[in-house]
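Before any comments, here is the structure.
This is a predicted model, so every value here is computed, not measured. Just so you know, ligand 1 is whichever comes first in the structure, and atom 1 is the first atom listed for that ligand. Numbers here simply count residues along the sequence, with the first being 1. Computation of the quantities below employed the complete heavy-atom set of this structure, encompassing side-chain atoms and omitting hydrogens, waters and symmetry-equivalent molecules.
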Amino acid sequence: MSRYDVRKAVIPAAGLGTRFLPATKASPKEMLPLVDKPLIQYAVEEAVASGIEDIIIITGRGKRAIEDHFDRSVELEENLKGNGKAQLLSQMRHISTLANFCYVRQSEALGLGHAVLCAQRLIGDEPFAVILGDEIIDAPVAGLAQLIHAYKKRHGAILGVQEVPRHDVSRYGIVAPRTLSAGLHRVEGLIEKPAPADAPSNLAVIGRYVLPPDIFSILRKTRPGKNGEIQLTDALVELAKKSPMFALEIQGQRYDAGDKLGFLIATVEFALKNPSLGPEFNEYLQNRMWPSGERRKKMAVKT
Ligand code: UTP
């Protein structure tokens with residue numbers, strides 16, 4: 001094993017999900033389904049497709065459903081077996097075998113930086129990935145795999161970025177880039193949620209990181225910043241002063257499913273792509289947009 005192998009990923013899932021209240025009052029945002037799969041399963045599958053073996057999920061109060069989801073459900077399995085639903089049974093069993101899962105509780109939602117710091121003991125002294133499960137990346141090559149590939153060549157922290165419209169920069173961490181080659185930049189600076197006039201570029205950090213373990217000692221010293229939270233961005237700014245940091249433009253379609261509109265868009269796109277639902281859903285949408293008497297009535301009866 002080389003010291004640049006990335007085997008562990010942290011998925012912070014202890015946030016309060018206030019943008020989805022009241023749905024997230026007692027249920028985790030990470031368990032909201034995109035069609036039939038919870039958001040966090042997409043993140044786990046991306047990690048596994050990127051060669052990750054150990055997944056550390058940062059949880060908090062009210063997040064038990066996440067642990068249950070990645071565990072076996074013996075009663076459900078018995079039921080599916082008894083009813084001859086072999087395919088569904090093997091799909092359910094597969095979920096618990098996707099990776100080695102560990103859970104760390106963040107006892108208070110003190111910010112993303114603090115959530116990552118909670119994984120320090122389990123990560124130890126090796127590079128690791130961070131995936132924010134509410135950013136969904138639909139790509140032929142897993143988003144995180146693209147970053148890990150670049151990390152193995154560059155050996156410095158790598159942030160996944162994509163271009164966003166200028167008027168949206170204030171929703172993201174934005175990098176000040178020095179372009180090295182197509183899609184790869186040296187990070188000269190980083191600013192969290194800037195006003196469009198202050199943004200050094202329109203390259204936004206999109207919830208995928210490969211970080212060296214040095215980030216932990218910086219996070220320990222990071223004071224609460226915006227919203228009184230310990231911000232990962234503030235620690236990254238410090239890290240970039242000490243060692244080279246890069247930004248890679250991730251190839252793929254990204255959905256901000258942590259936001260209601262983004263979640264709805266992702267739901268529509270994944271439903272349209274779903275082989276068993278897509279054609280009928282597409283027909284429904286066509287009729288919804290361009291109603292033509294008879295066709296519309298037919299769909300209304302079906303749904
Ligand atoms: P977000 O700000 O997108 O998620 O944090 P949130 O706080 O759950 O949602 P809103 O903004 O209130 O609607 C990005 C990620 O960091 C995690 C969240 O679970 C999310 O996956 N997070 C955030 C933590 O694990 N702990 C925290 O203290 C804050």
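Side chain of N83 to backbone of L80: no donor-acceptor contact under 3.5 angstrom is found. Under a 3.5 Å cut-off, the side chain of S2 and the backbone N or O of Y4 do form a donor-acceptor pair. No donor-acceptor distance shorter than 3.5 angstrom exists from the side chain of R154 to the backbone of H149, with no hydrogens or angles considered.
Of the heavy atoms in A115, only side-chain atoms (C-beta onward) come closer than 4.0 Å to ligand 1. Contact annotation for E30 and ligand 1: only side-chain heavy atoms (C-beta onward) come within less than 4.0 Å of the ligand. Only the side chain of K29 comes within 4.0 Å of ligand 1, counting heavy atoms alone; its backbone N, CA, C and O stay farther away. Using a 4.0 Å cut-off between heavy atoms, L16 contacts ligand 1 through its backbone alone, with no side-chain atom that close. Only the side chain of Q106 comes within 4.0 Å of ligand 1, judged by heavy-atom distances. At a 4.0 Å heavy-atom cut-off, ligand 1 touches L110 through the backbone alone.
The closest heavy-atom contact to atom 29 (C) of ligand 1, among the options G111, C118, G17, G258, comes from G111.
In this structure, the ring of F128 has its center less than 6.0 angstrom from the ring center of F216.
Among protein heavy atoms, the minimum distance from atom 5 (O) of ligand 1 is reached at D134 OD2, 4.7 Å. Here the heavy atom of the protein found nearest to atom 21 (O) of ligand 1 is P12 O, 3.0 Å. Among protein heavy atoms, the minimum distance from atom 15 (C) of ligand 1 is reached at L132 CD2, 4.1 Å. Looking only at heavy atoms of the protein, atom 1 (P) of ligand 1 is closest to R19 NH2, 3.8 Å. Of the protein's heavy atoms, A14 N, 2.9 Å lies nearest to atom 25 (O) of ligand 1.
Applying the under-4.5 Å side-chain rule to Ile, Leu, Val, Met, Phe, Trp and Tyr, the cluster around L264 consists of that residue alone. Cluster partners of F263, by chain and number: F20, L32, L34, V35, L39, Y42, I136, Y255, L261, I265, F270, L277. The rule joins Ile, Leu, Val, Met, Phe, Trp and Tyr whenever side-chain heavy atoms lie under 4.5 Å apart.
At least one heavy atom of A13 sits closer than 4.0 Å to an atom of ligand 1.
Using a 4.0 Å cut-off between charged side-chain N and carboxylate O, K221 and E238 make no salt bridge. Note on E77 versus R72: salt bridge recorded, some NZ/NE/NH1/NH2 to OD/OE distance being below 4.0 Å. One finds no salt bridge joining D54 and R7 here, because no Lys/Arg side-chain nitrogen approaches an Asp/Glu carboxylate oxygen to under 4.0 Å. Under the 4.0 Å criterion applied to side-chain N and carboxylate O atoms, R171 and D256 are assigned as salt-bridge partners. With salt bridges taken as basic N to acidic carboxylate O contacts below 4.0 Å, one links K273 and D138.
Ligand 1 has a nitrogen or oxygen under 3.5 angstrom from a nitrogen or oxygen of T18. Among the atoms of L112, none of the N or O lies under 3.5 angstrom from an N or O of ligand 1. Looking at E229 next to ligand 1, no N or O pair under 3.5 Å apart turns up. Taking only nitrogen or oxygen atoms, main chain and side chain alike, G15 reaches within less than 3.5 Å of ligand 1.
Within a 4.0 Å radius of atom 3 (O) of ligand 1, the protein has at least one heavy atom.
Residue A109 has at least one heavy-atom neighbour below 4.0 Å for each of these atoms of ligand 1: 28 (O).
When hydrophobic clusters are built by joining Ile, Leu, Val, Met, Phe, Trp and Tyr residues whose side-chain heavy atoms come closer than 4.5 Å, directly or via intermediates, V141 is not grouped with I131.
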